[in-house]
Novice: 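Quick one: the structure is below, and I'll ask about it shortly.
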Amino acid sequence: MSHDLRKYGTNTQAVHAGQYVDEATGAVAPPIVQTSTFAFASCRQGAERFAGEAEGYIYTRMGNPTIARLEEAVATLEGGAQGLATGSGMGALCTIVFSLMNGGEHMVGTSSVYGPSRVVMERDFSRFGLESSFVDTCDLDALRAAIRPNTTMVFVETPANPTVSLTDIAAAAEIAHEHGALLVVDNTFASPILQRPLELGADVVMHSLTKFINGHTDIVAGMVVPGTAELRARIKKVHAYLGACMDPHQAWLALRGMRTLGMRVRTAQENAGVIARFLEAHPKVEWVRYPGLPSHPQHELAERQMDGPGSLISFEVRGGIEAGTRLLDSVELMTLAVSLGGIETLIQHPSSMTHAAMAHEDRLAAGISDGLVRVSIGCEDAEDLIADFEQALKQV
Ligand SMILES: *Cc1c(COP(=O)(O)O)cnc(C)c1O
């Protein structure tokens, strides 16, 4: 096992967590243990492993050394119990809901969560008797009012997608705990470099590793980080049976991407600050939402709760959806694609793309106007991105 990294900063942790030298070969980079199953030395050893009486691997859906390194690494940064890797961010959410909720119970979620996180609750989990309601959790009174006698989970995404609005995690934890509910935070947008919800009172953190943690737009992957060993045991029991497991090669790529998490997040954030100010000053831009701007409604909360405002910006071009479409069709350096948190700048239109499956009135109520454009700023040179925005805005 690796030495204890908890005393180090998150950049050091990102570089070193799960990165111990391989005992068998001395390999510095982690070996990819690409196997489905593991041989037992004897019948007795196999039985002991199944009974949980002996350490050792059995079958990759239940655990694998390469995946375990990643589970340890993300958990180190988040300050939680060992993580549980999943094949996608959605796999992480479904694992949390399946393991911690029962039919007849109720979840309160942030209204502007990642589109599919809401759709799976409202359309699919509802078929199994799970109730959910989604409210503006930035408004703590609205959150409090949405709690029902059968509420067992509060699910907060902050900053939220795609409105970049913020929820006060410590206050949400207090409200959830007062009612005996668990607080789950989707920390995908901030990454543990900028925000560590478990330290603020959350019970479980989830990630789409597809985004910042892997950071290279080449895999889909997820992670559940329980805050305690007790919660981990409850989630793990379901995790191996649900089948939303990770592949060792996927884990290896995420580990490789994660080594540079700190510098990628910082570079993208520096660029985003410059671009947000540029957009806010541009006459063809109606409004800009970026937690680093004093005009952001929760700017003060961002400064208190986060170690930086991140690199996601939403804005609207004057002229609504037609003008926005024109802009999106005119970008040259930026790529018109969904997803976020990669080294390259991606720009998209939530109401026709990531959030299209939501009802129109739910979208508007969640602050996702028809003309809203979301951009995930990458690690290019800021002046090149500004030049691209300038030429694309000229076409509008
Ligand atoms: C992308 C995303 C997810 C879903 O993750 P996948 O890896 O695409 O399954 C969940 N939450 C947020 C905030 C996301 O951005």
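Hydrogens, waters and symmetry mates are skipped; everything else that's a heavy atom, side chains included, is used. Each ligand, and each atom within it, is numbered from 1 in the order the structure gives. Throughout, residue positions are numbered sequentially from 1 according to the sequence presented.
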Novice: Once you measure the plane-to-plane angle for H249 and W252, does it fall in the parallel (<30°), tilted (30-60°) or perpendicular (>60°) bin?
Specialist: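 Plane angle under 30°, so parallel.
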Novice: Look at atom 12 (C) of ligand 1 and say which protein heavy atom is nearest, naming residue and atom and giving the distance to 0.1 Å.
Specialist: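 Its nearest protein heavy-atom neighbour is D186 OD2, 3.4 Å.
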Novice: Is the shortest N/O to N/O distance between E157 and ligand 1 below 3.5 Å?
Specialist: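 No.
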Novice: Heavy atom under 4.0 Å from ligand 1: found in L340's side chain, backbone, both, or neither?
Specialist: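 The side chain, only.
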Novice: Below 4.0 angstrom from a heavy atom of M90, which ligand 1 atoms are there? Numbered from 1 as shown, please.
Specialist: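 So the answer, numbered in order with elements, is 4 (C), 5 (O), 6 (P), 9 (O).
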Novice: Give the residue and atom name of whichever protein heavy atom lies nearest to atom 1 (C) of ligand 1, and the separation in Å to one decimal.
Specialist: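 Going by distance alone, atom 1 (C) of ligand 1 is nearest to K211 NZ, 1.4 Å.
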Novice: For V220, counting its heavy atoms only, list the atoms of ligand 1 lying under 4.0 Å from any of them.
Specialist: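 That gives atoms 7 (O) of ligand 1.
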Novice: Does the structure place the NZ or CZ of R118 under 6.0 Å from the centre of the six-membered ring of F155, at an angle of no more than 45° from the ring's axis?
Specialist: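 No cation-pi geometry.
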Novice: Regarding E390 and K394, does a basic nitrogen lie under 4.0 Å from an acidic carboxylate oxygen?
Specialist: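 No, no charged N to carboxylate O under 4.0 Å.
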Novice: Before we go on, tell me: are the rings of F315 and Y290 under 6.0 Å apart, centre to centre?
Specialist: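 Distance test on ring centres: not under 6.0 Å, no.
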Novice: Note the single closest protein heavy atom to atom 8 (O) of ligand 1, along with its residue, its atom name and the distance in Å.
Specialist: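 Result for atom 8 (O) of ligand 1: Y114 OH, 3.7 Å.
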Novice: Would you mind telling me if ligand 1 is within reach of the side chain of A221, the backbone, both or neither, using heavy atoms under 4.0 Å?
Specialist: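 For A221, the contact with ligand 1 is made by the backbone alone.
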Novice: Other than L200, what residues sit in its cluster of Ile, Leu, Val, Met, Phe, Trp and Tyr side chains whose heavy atoms are under 4.5 Å apart, directly or through others?
Specialist: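 Under the 4.5 Å side-chain rule, L200 groups with V108, V135, L140, L143, I147, V154, V156, I169, I175, L183, V185.
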Novice: Verify, without hydrogens or angle tests, whether H355 (side chain) and V113 (backbone) share a donor-acceptor contact under 3.5 angstrom.
Specialist: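 Pair found, side chain donor or acceptor close to backbone of V113.
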Novice: Of all the heavy-atom pairs spanning M223 and L209, show the shortest one and how long it is.
Specialist: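 It is CB-CD2, 3.9 Å.
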Novice: Report the nearest protein non-hydrogen atom to atom 6 (P) of ligand 1: residue, atom name, distance rounded to 0.1 Å.
Specialist: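 For atom 6 (P) of ligand 1, the nearest protein heavy atom is G89 N, 3.3 Å.
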Novice: Which atoms of ligand 1 are found less than 4.0 Å from any heavy atom of N161?
Specialist: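 Those atoms are 15 (O).
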